[in-house]
> 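Structure in structure tokens, see below.
Numbers here are sequence positions counted from 1. All values reported here derive from a predicted model rather than from experimental measurement.
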Amino acid sequence: EMRYFVFCQSDLLLEKTGDETFTIPCGDNPPTEVKEWTKQMVITMPTGEKVTTYAIDAPVTDNPQFEMCPLRQSYYKLSREEYICAGKCHEIVYWDKTTRFCGVCGGTMKQHTEISKRCTECGKEVWPQVSTAVIALIHKGPDEVLLVRAKNFRTNFYGLVAGFVETGETLEEAIAREALEETGIKIKNIRYFGSQPWPYPCGLMVGFNADYESGTIHLQESEIAKGAWFNRNSLPTLPEKLSIARMLIDDWLG
């Protein structure tokens, strides 16, 4: 049997298995009607398992067996393994949708291997791109950390200093630059914490701990709405548990 990761834009098709419990549809055939133009892609997971993913034009609303769920919220309804697999599939579907034509000559791109395409005109080959971002929990002594609220946050929670890595810089240089740009703070003792895929739509988040070195908070108005030092007893609303930002904060609190 095959597991099917089916998306309508960024919503994932879940199969109900009981009261408030869900899984990924599995079977010998796709769980939805597949149009003749639908591109089903078979993807190999790190475990070696092969799964199928594809996109549908409209959400499934007429079958009580299924539910459409935003990928981000599926973290709370699926096992961690299913959520990670869903994220990888979503990245592949996004990549397929955004690489239909060659960036060199404009020719049609055709699937070449499981995770590559080749231009039918000039032969240029492309693979899924990963956008690398860095994020850091900045410490001031044992009991204070710097938390910020970015302007693009949809709800009123505080997160961590973060940003994309630019060409020609190391991960450590990137987070030091972002801290200075976003908050006016210089940091030191940058220490790797961990990383996580971030399929929104195709990122890799690399997390660090760092220590305050110097400077006073001066927020980058175009990016950051609020920012301050917080201690353990006066924390604001924190990021969701699915994020490495929350993992960094929980590790500090623990």
Side-chain angles (χ1 to χ4, degrees), residues 46-47 72 75-76 80-81 83-85 87-88 91 128-254:
T47 59
R72 201 180 287 249
Y75 172 86
Y76 302 100
R80 175 173 173 76
E81 184 271 338
Y83 168 74
I84 294 295
C85 288
K88 182 179 175 80
E91 293 192 53
Q129 298 295 301
V130 177
S131 300
T132 305
V134 286
I135 186 166
L137 181 63
I138 300 172
H139 303 257
K140 191 176 185 182
D143 295 317
E144 283 190 309
V145 293
L146 180 62
L147 303 178
V148 297
R149 185 178 182 280
K151 284 194 169 182
N152 63 1
F153 286 175
R154 294 178 182 175
T155 56
N156 193 33
F157 72 90
Y158 280 69
L160 308 183
V161 169
F164 288 103
V165 180
E166 295 182 358
T167 54
E169 66 183 359
T170 66
L171 301 176
E172 292 82 0
E173 288 168 344
I175 195 59
R177 173 182 54 76
E178 288 289 349
L180 191 61
E181 288 177 357
E182 291 187 354
T183 67
I185 296 296
K186 286 188 176 182
I187 59 176
K188 61 182 179 180
N189 300 334
I190 299 168
R191 309 175 297 281
Y192 175 74
F193 172 78
S195 63
Q196 81 174 142
W198 194 246
Y200 306 106
C202 50
L204 174 68
M205 299 293 295
V206 185
F208 294 91
N209 283 290
D211 296 332
Y212 167 82
E213 182 176 358
S214 63
T216 56
I217 294 176
H218 181 74
L219 300 178
Q220 184 180 21
E221 292 185 3
S222 61
E223 299 280 341
I224 306 298
K226 298 177 182 177
W229 296 104
F230 292 89
N231 66 42
R232 298 168 187 270
N233 301 317
S234 64
L235 292 175
T237 303
L238 298 177
E240 292 183 71
K241 283 191 174 291
L242 68 91
S243 68
I244 197 167
R246 181 60 178 271
M247 297 174 202
L248 277 154
I249 294 169
D250 286 347
D251 180 71
W252 169 64
L253 289 173

> Of the non-hydrogen atoms in P199 and G87, which two are nearest, and what is the gap between them?
CB-O, 3.4 Å
> Looking at residues at least two apart in the chain, or sitting in another chain, which of them share a ring-ring contact (aromatic ring centres under 6.0 Å, His included) with F230?
Y158
> Which heavy atom in I187 sits nearest to a heavy atom in I175, and how many Å separate them?
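Looks like CD1-O, 3.9 Å.
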> Could you note down all residue pairs passing salt bridge (charged side-chain N to carboxylate O under 4.0 Å, His left out) where residues 155-164 supplies at least one of them, sequence neighbours left out?
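Checked against salt bridge (charged side-chain N to carboxylate O under 4.0 Å, His left out) - neighbours excluded - no pair reaches residues 155-164.
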> Going by salt bridge (charged side-chain N to carboxylate O under 4.0 Å, His left out), name the pairs with one or both residues in residues 228-248, residues two or more places apart or in two chains.
D143-R232, K241-D250, R246-D250
> Can you name the closest pair of heavy atoms from L248 and F208 and give their distance?
CD2-O, 3.6 Å
> Tell me the salt bridge (charged side-chain N to carboxylate O under 4.0 Å, His left out) pairs involving residues 203-230, sequence neighbours left out?
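Residue pairs with at least one partner in residues 203-230: R191-D211.
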> Excluding sequence neighbours, so at least two apart, what forms side-chain hydrogen bond (donor to acceptor under 3.5 Å, both in side chains) with E181?
R177
> Locate the shortest heavy-atom distance separating L147 from P236; write the atom from each residue and the value.
CD1-CD, 3.7 Å
> Please name all residues satisfying ring-ring contact (aromatic ring centres under 6.0 Å, His included) with F157, sequence neighbours left out, ordered by chain then number.
F153
> Mind checking the CD1-CG spacing from I190 to N209? Nearest 0.5 Å is all I need.
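Interatomic distance, I190 CD1 to N209 CG, rounded to 0.5 Å: 11.0 Å.
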> Let's go through Y212 and H139 carefully: what are the C-alpha distance in whole Å and the side-chain angles of both, what is the deciding distance for side-chain contact (heavy atoms from CB on, under 4.5 Å) to 0.1 Å, and is it a yes or a no?
CA-CA 6 Å; Y212 167 82; H139 303 257; over 6 Å; no
